[in-house]
2 protein chains.
Amino acid sequence: MTVEPGAAPRRTPLTKESVLRAAVAMADEPGAGLPSMRNLADRLGVKAMALYHHFKNKDALIDGMVDLVFSEVELPRDDDADWRPAMRRRAVSMRDALTRHPWAIGLMDSRTNPGLATLHHHNAVIGCLRAGGFTIAGAAHSFSLLDGYIYGFTLQELSLPFENQADIEGLADTMFTQYPFGDLPHLTEMMLNQALQPGYDYAEEFAIGLDLILDGLSRKREAWT
Amino acid sequence: MTVEPGAAPRRTPLTKESVLRAAVAMADEPGAGLPSMRNLADRLGVKAMALYHHFKNKDALIDGMVDLVFSEVELPRDDDADWRPAMRRRAVSMRDALTRHPWAIGLMDSRTNPGLATLHHHNAVIGCLRAGGFTIAGAAHSFSLLDGYIYGFTLQELSLPFENQADIEGLADTMFTQYPFGDLPHLTEMMLNQALQPGYDYAEEFAIGLDLILDGLSRKREAWT
DNA sequence: CTGCGTACCTTTACACTGTACGGTCGATCT
DNA sequence: AGATCGACCGTACAGTGTAAAGGTACGCAG
């Protein structure tokens with residue numbers, strides 16, 4: 001009376017990997033945020049408690065999701081001829097990954113258990129900088145500065161209350177009526193002359209700041225002991 | 001049969017301000033995170049639903065909390081003689097505020113309704129940069145870069161899985177036993193030669209990156225149209 | 001003084017969350 | 001054949017945000 005193998009009451013036994021991929025996919029859906037255990041289980045054709053066979057608790061699952069995001073970032077290689085374009089590529093790739101998975105960035109804090117992909121990522125970055133002639137301390141400075149900027153810029157970008165020109169104009173409207181904008185002359189000026197100009201794209205700021213930082217790093221590279 | 005005024009069945013009618021201060025105080029308690037509506041109400045000697053008389057919903061309350069954090073940041077003034085030390089002070093003050101209220105930084109994304117203190121802050125920063133000789137575009141670049149770095153650095157700092165030397169050593173121990181550290185030579189080297197050195201303090205990295213950025217800004221100040 | 005609106009707070013209820021505890025079923029090993 | 005084990009399910013519980021409706025006291029119009 002056993003079920004025929006072809007009937008497949010459960011297609012495949014569920015793995016850490018498949019659960020994580022589903023969780024990331026659900027979190028990526030616009031406006032979704034982290035899925036609940038029950039919703040995630042439903043999506044996988046399973047009941048909630050089944051997930052606890054693969055993850056100690058939800059926190060462990062989230063750690064896995066964050067590590068999966070890190071694994072999408074393009075790594076530099078030790079033998080990259082030139083550290084600067086390598087670091088630039090990595091920064092852009094990292095920002096891309098964080099924008100693809102906007103739920104990830106707010107989770108960085110409070111997540112104190114880095115996964116393997118995360119550690120490999122850090123290792124590769126440091127290796128590239130060392131090969132490029134940075135001292136250990138210099139590589140630490142550079143790493144801290146670059147990653148800080150990447151996270152912070154992306155965090156800011158994601159928290160902008162608009163995504164396109166129409167949103168900006170709507171926002172400006174409601175703000176002008178809601179707040180005493182006479183008190184905020186500089187902010188007003190900047191909105192009128194920058195954000196509200198046709199074709200303005202905040203994303204371009206990323207490269208401007210990044211290049212300024214890279215300039216600074218190459219200037220300090222030999223000074224940093 | 002009315003209650004004597006001295007009996008005070010309710011000391012004081014609860015204001016947006018008092019609720020926000022209590023909420024921030026609770027969130028600041030180590031390891032607490034955002035309080036639930038019920039816990040916050042208890043602390044105020046009130047039932048949970050009373051809070052909804054002062055805030056539309058929990059999100060609005062959180063917006064207020066974030067704005068309160070911003071109000072603690074030392075503002076530059078238009079007439080600050082020199083933009084550079086003013087920006088430096090502001091950056092340090094901002095990092096301090098975010099470290100005093102570590103729950104705030106993860107909330108920056110998804111919080112798309114800036115409060116008055118936030119807007120005044122932005123206005124003052126832009127004003128200081130403009131007075132320092134930056135063009136509108138230049139001020140926008142500088143603002144984006146500086147704030148990105150401040151947020152990002154602090155986010156990284158708060159997510160470090162240790163707070164003192166003992167924690168670092170404990171962490172290194174468990175990591176070395178848990179992961180194939182032969183695969184991570186550069187990371188290992190950096191931990192051994194930096195993080196594990198006596199007296200190492202990650203907080204010092206903040207000033208190093210900040211000064212590099214300020215150098216870059218003053219170099220670009222006149223070039224940026 | 002009466003009566004009514006309005007500000008503030010409470011009660012109750014509902015849908016939803018993470019997860020502890022125990023059970024069930026089939027495959028594999030001895 | 002029986003034991004063991006991995007994968008999944010059912011049930012239950014404490015805690016969450018908040019909608020709906022009710023109460024109670026004060027300030028002001030008549």
Side-chain angles (χ1 to χ4, degrees), chain A residues 1-24 26-27 29 31-66 103 106-107 110-113, chain B residues 1-24 26-27 29 31-66 103 106-107 110-113:
Chain A
M1 204 55 78
T2 53
V3 183
E4 289 291 299
R10 170 119 303 111
R11 41 211 168 288
T12 277
L14 219 58
T15 62
K16 255 173 148 79
E17 284 278 325
S18 66
V19 173
L20 285 177
R21 269 202 307 275
V24 168
M26 288 185 75
E29 283 162 23
L34 288 179
S36 79
M37 297 303 263
R38 278 178 249 257
N39 288 346
L40 175 56
D42 278 4
R43 173 81 63 109
L44 291 161
V46 121
K47 294 304 162 77
M49 289 314 290
L51 301 175
Y52 287 85
H53 252 267
H54 304 273
F55 299 89
K56 181 172 155 293
N57 52 29
K58 186 164 190 179
D59 246 49
L61 192 154
I62 298 178
D63 283 340
M65 292 172 71
V66 171
W103 46 268
L107 265 41
S110 78
R111 221 112 299 281
T112 56
N113 294 312
Chain B
M1 203 53 81
T2 53
V3 183
E4 289 291 299
R10 171 120 302 109
R11 40 212 168 286
T12 272
L14 219 61
T15 62
K16 255 173 147 79
E17 284 277 325
S18 66
V19 173
L20 286 177
R21 270 203 306 275
V24 167
M26 288 185 75
E29 282 162 24
L34 287 178
S36 78
M37 296 304 263
R38 279 179 250 257
N39 289 346
L40 174 56
D42 277 3
R43 173 80 64 110
L44 291 161
V46 122
K47 296 303 164 74
M49 290 312 288
L51 302 174
Y52 287 85
H53 236 266
H54 303 272
F55 298 90
K56 184 172 154 294
N57 52 29
K58 185 163 191 179
D59 246 49
L61 193 153
I62 298 178
D63 283 340
M65 293 172 71
V66 171
W103 45 269
L107 263 42
S110 80
R111 219 115 298 282
T112 57
N113 293 313

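In the text below, chain A, chain B and the rest are named by the order of the sequence lines, each starting its count at 1.
Comparing A:Pro35 and B:Lys47 by the nucleotide of DNA chain C whose heavy atom lies nearest to each, the residue mapping closer to the 5' end is B:Lys47. When each of A:His53 and B:Asn39 is assigned the nucleotide of DNA chain D with its nearest heavy atom, A:His53 is the one assigned upstream, toward the 5' end.
Considering CG of B:Leu61 and CE of B:Met65, their distance stands at 6.5 Å, rounded to 0.5 Å. Atom CG of A:Asp63 sits about 7.0 Å away from atom OG1 of A:Thr112, to the nearest 0.5 Å.
Whole-Å rounding puts the A:Leu40 CG to C:dT19 C1' distance at 15 Å.
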Throw together a table of side-chain donor-acceptor distances under 3.5 angstrom for residues 46-58 of chain A, partners on residues two or more places apart or in other chains.
residue: A:Asn57; atom: OD1; partner: A:Asp59; partner atom: N; Å: 3.2
residue: A:Asn57; atom: OD1; partner: A:Ala60; partner atom: N; Å: 3.0
residue: A:Lys58; atom: NZ; partner: A:Pro35; partner atom: O; Å: 3.0

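OP1 or OP2 of C:dC16 has not a single side-chain nitrogen or oxygen of A:Ser36 nearer than 4.0 Å.
For A:Arg21, the salt bridge (Lys or Arg N to Asp or Glu O under 4.0 Å) partners two or more places apart in sequence, or in a different chain, are A:Glu17. Partners of A:Asp42 by salt bridge (Lys or Arg N to Asp or Glu O under 4.0 Å), not counting sequence neighbours: none found. B:Ala22 pairs by the side-chain contact (heavy atoms from CB on, under 4.5 Å) definition with B:Leu40, B:Leu44, not counting sequence neighbours.
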Would you tabulate the pairs of protein nitrogen or oxygen atoms and nucleotide nitrogen or oxygen atoms of nucleotides 18-20 of chain D closer than 3.5 angstrom?
residue: D:dT18; atom: OP2; partner: B:Tyr52; partner atom: OH; Å: 2.7
residue: D:dT18; atom: OP2; partner: B:Lys58; partner atom: N; Å: 2.9
residue: D:dT18; atom: O5'; partner: B:Tyr52; partner atom: OH; Å: 3.4
residue: D:dT18; atom: O4; partner: B:Arg38; partner atom: NH1; Å: 3.4

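Listed nucleotides: C:dT11, C:dC8, D:dC8. Nearest to the side chain of A:Leu14: D:dC8. Here the nucleotide nearest the side chain of A:Pro13, chosen from D:dA7, C:dT10, D:dG17, is D:dA7.
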